[in-house]
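Written below as C-alpha cells is the structure these notes are about.
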Amino acid sequence: MEQCPSCDRQIGWDYGCLDQCRCGYPFWKIEADQLPTGVGIADQWICGRLGLPGARDLPLLKGEVLRDAIAIVERIGWAVTLGYRSVRVRASAADKARARDAGVDALEDWPNRFSRALDRVATNRLAEDRPSGLIGSYGWIYSELADEAPRTAVSRQMRKVLREHAVRHQIVAADEPVFGEAVPRTICMTVAAGLLGMGYDGARALMDGIGAIPAGVRTGVAFPLLPDDVSRALVRKAASKAATGRAIAARLGIGRRQVMMLKAMFDTGDDGLAIRDPGDWASGLMAAIKAKCEIIETQPSGAARLPIASKCVGIPTVEVCQAILSGQLTPLGILRGWPNLGGVVLSIAEVSALRPQHCLSVEQAARALGLHPDSVRYLRRSGVIAGDQARLLATAVHTFGQNYVAASALAAADGTSSRAICRRLAAASIMPSFQPPECRQFIFSRKAVTNRGRRDVIRAV
C-alpha cells in the first residue's frame with residue numbers, strides 16, 4: 001500500500017499516525033487477502049498490528065503502543081547488527097529498515113540472538129584497550145538503555161538480559177544495582193572496614209582472603225558485601241590476631257624468638273608426640289606440659305622458671321620442652337596463677353644435665369672470657385666463636401681467650417680505665433680487633449699487645 005485510496009497521497013513514515021492517512025482515511029477499511037510480495041519482516045509485523053491477515057506476530061510486543069514498539073524493535077536490530085561503538089551513528093532510511101528486520105528476527109528467537117550479539121560486542125574489550133566497566137564493554141547499548149527509562153516490557157527484558165550477561169562475564173558484581181534494581185541487604189566496603197576496625201585496604205585484603213569480594217568489582221564503584229561475610233571476616237581477624245608471634249609469645253610467657261623455634265618444631269607434626277591441637281599448636285603444647293605439672297605455691301631453692309632456666313643454662317627453650325614431653329626432664333611444678341610456660345618451675349641442676357659437657361652457655365663463656373654477654377653473642381653471630389644460638393663450643397671459647405683480651409681486663413690489671421688503655425695502644429699504633437658499635441667492648445689481639453705495647457700494658461697481659 002503506497003497511496004491513500006481516498007486522497008491518493010503518498011504514504012510515508014514521516015507522519016506520526018500509522019493507521020490512518022493525513023486526510024483522516026482509516027487504513028483498516030482497506031480489504032486485503034494477503035500482503036504483497038517483497039515486504040520485509042518488520043513491515044509484515046507492522047501490517048499485522050494494523051489488522052492485515054497473513055502478517056507476523058511478536059508476542060513480546062503485545063499490548064505495547066505501536067510507536068514505542070517500532071522504536072525498540074529498531075534498537076534491538078542495531079544491537080544485533082552493529083559491533084562495539086561508543087555512540088550509535090546516524091543511519092539512512094534503508095539502514096533503519098534493515099535494522100527493524102533484524103530486530104524482528106531477534107525477537108522471534110529471544111533472548112538467544114541478543115545474547116550472542118552481546119558476546120560479540122564484549123569479547124574484545126580487553127584486547128582493544130577499551131575503558132573498563134559497562135561503557136567499555138557494551139558501548140551505546142548500555143548507555144541508551146541506562147539513560148532512558150524502560151517504557152515497554154521488551155525494554156525491561158533487554159535490561160535483564162544485559163545485566164545477567166555482565167554478571168556472568170564478571171563485568172559487574174552480582175548484587176550491583178546496574179539499573180537501580182533493589183538488591184538484598186548488603187554492606188559496602190567502607191562500612192565493613194569500620195565494623196572490622198581496620199583501614200580500607202587492610203579490610204579489603206581480609207575480605208578477599210575469605211572469598212567475600214564478588215567477581216566483577218571495578219575501581220571507584222561501590223560493591224555490596226553480605227553481612228554474613230563480614231561476620232566471617234571478624235572471626236578470621238580475631239583468629240589471625242591470636243596467631244601472631246607477639247600474641248603467642250604473650251600466651252606462652254616466652255620471647256618471640258623462642259616462639260619461632262617452638263612453632264618450627266611443634267606446628268609441623270615432626271615432634272611425634274601428638275600434643276598439637278588442630279589449628280592451635282600453642283594451646284596443645286601448653287596443655288601437654290601442664291598435664292605433667294603439679295600446682296605449687298612457691299619456687300623451691302635451686303630452681304628457676306622455665307624461660308630463666310633455659311637462658312641461664314644455655315639450652316634452647318624448644319629442647320627443654322622436648323625433654324619435658326619425652327619424660328627426660330620432670331618439672332617441679334607450676335606456680336599457682338601462672339597460665340603459661342613462664343610459671344613452669346625446673347631444677348637448675350637437672351636442666352644443666354641436658355647440656356653437652358663440651359659446650360658452654362653464653363653467660364658461662366662471658367664469665368670465662370671476662371666479656372659482656374652481648375659481646376659474646378656478637379662474636380658468635382660473626383662466627384669468631386663457633387656455636388649455635390644458645391651453646392658455644394668450649395674449645396672455641398678457650399682458643400679465643402688465648403688469642404684475644406678485652407680492654408676492660410687490661411684496665412683492671414693496670415688500675416686504670418678502658419679508655420686510657422685504648423689511648424695508650426692507639427699511640428703505639430695498636431688498633432682493636434673488635435670494637436663498638438658492632439661489638440659492645442674493645443677487644444685486642446694478645447699478640448699485638450705483647451709485641452708492641454707499653455711495659456705496664458704488657459705486664460697486664
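Heavy-atom contacts from other residues, nucleotides or ligands closer than 6.0 Å to CZ of Arg419 number 12 or fewer. Taking a 6.0 Å sphere around CD of Glu294, one finds it holds 12 or fewer heavy atoms contributed by other residues, nucleotides or ligands.
Side-chain contact check for Arg116 versus Arg120: some heavy-atom pair is nearer than 4.5 Å. Between Ile324 and Pro331, the closest side-chain pair of non-hydrogen atoms falls below 4.5 Å. Considering only heavy atoms from C-beta on, Met158 comes within 4.5 Å of Trp110 through its side chain. Annotation: side chain of Arg446 is not in contact with side chain of Tyr404 (no heavy-atom distance under 4.5 Å). Looking at Tyr378 and Val384, their side chains never come closer than 4.5 Å, going by heavy atoms from C-beta outward. Within the 4.5 Å cutoff, side-chain heavy atoms of Phe442 are placed close to those of Pro436. Proximity of Arg75 to Trp140: side-chain heavy atoms (C-beta onward) are separated by under 4.5 Å at one or more points. Residues Cys321 and Leu341 meet the side-chain proximity criterion, which asks for heavy atoms closer than 4.5 Å.
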> Between Leu335 and Ile295, is a side chain to side chain contact (heavy atoms under 4.5 Å, CB included) present by the stated rule, with each step listed?
Replying inline: CA-CA 6 Å; Leu335 294 173; Ile295 297 178; over 6 Å; no
> Would Leu332 and Leu346 satisfy side chain to side chain contact (heavy atoms under 4.5 Å, CB included), going step by step from the backbone distance to the final call?
Replying inline: CA-CA 5 Å; Leu332 299 179; Leu346 302 173; 5.9 Å; no
>> What verdict does the side chain to side chain contact (heavy atoms under 4.5 Å, CB included) test give for Ile385 and Leu369, after you've listed the backbone C-alpha separation in whole Å, the side-chain angles of each residue and the deciding distance to 0.1 Å?
In response: CA-CA 12 Å; Ile385 299 179; Leu369 297 173; 4.0 Å; yes
> What do the steps show when you test Leu285 against Leu325 for side chain to side chain contact (heavy atoms under 4.5 Å, CB included), and what is the final call?
Replying inline: CA-CA 9 Å; Leu285 173 63; Leu325 294 172; 3.8 Å; yes
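Gln364 places no side-chain N or O within 3.5 Å of a backbone atom of Ala368 that could act as its donor or acceptor partner. With Ser375 contributing its side chain and Cys439 its backbone, the two residues share no donor-acceptor pair below 3.5 Å. Between the side chain of Arg305 and the backbone N or O of Val344, no donor-acceptor pair lies under 3.5 Å. Between the side chain of His169 and the main chain of His165, a donor-acceptor pair closer than 3.5 Å is present. Distance alone, capped at 3.5 Å, is enough to place a donor-acceptor pair between the Thr81 side chain and the Gly77 backbone. The main-chain N or O of Thr416 is never found under 3.5 Å from a side-chain atom of Asp414 such that the two would form a donor-acceptor pair. Checking side-chain atoms of Glu363 against main-chain N and O of Pro373 turns up no donor-acceptor pair under 3.5 Å. Judged by distance alone, the side chain of Ser310 and the main-chain N or O of Pro307 form no donor-acceptor pair under 3.5 Å.
Across Val121 and Leu82, no two heavy atoms sit closer than the pair CG2-O, 4.2 Å. Residues Ala386 and Ala396 come closest through the heavy atom pair N-CB, 3.7 Å. Counting all heavy atoms, side chain and backbone alike, Ala249 lies closest to Gly255 at CB-C, 4.1 Å. For the residue pair Ala309 and Ile348, the shortest heavy atom distance occurs at CB-CD1, 3.9 Å. Closest approach of Phe114 to Val80, counting heavy atoms only: CA-CG1, 4.2 Å. Closest heavy-atom contact between Ala407 and Cys422: CB-SG, 4.1 Å.
The structure places CD of Glu438 at 11.0 Å from CZ of Arg381, a figure rounded to the nearest 0.5 Å. Remark: Glu297 CD to Arg336 CZ distance equals 4.0 Å, nearest 0.5 Å. In this structure, Gln258 CD and Leu306 CG are separated by 10.0 Å, a value rounded to the nearest 0.5 Å. Considering CD of Gln402 and NZ of Lys447, their distance stands at 14.0 Å, rounded to 0.5 Å. Atoms CZ and CZ, from Phe400 and Arg380 in turn, are 14.0 Å apart once rounded to the nearest 0.5 Å. Atoms CD1 and CG, on Ile421 and Leu410 in that order, are 5.5 Å from each other to the nearest 0.5 Å.
Exactly one residue among Leu392, Val397, Leu393 makes a side chain to side chain contact (heavy atoms under 4.5 Å, CB included) with Thr395. That residue is Leu393.
Partners of Asp109 by side chain to side chain donor-acceptor pair (under 3.5 Å), not counting sequence neighbours, listed by chain and number: Asn112.
The residues Asp374 and Arg377 are annotated as salt-bridged, a charged nitrogen and a carboxylate oxygen being separated by less than 4.0 angstrom.
Between Tyr84 and Tyr138, the distance separating the two ring centers is not shorter than 6.0 angstrom.
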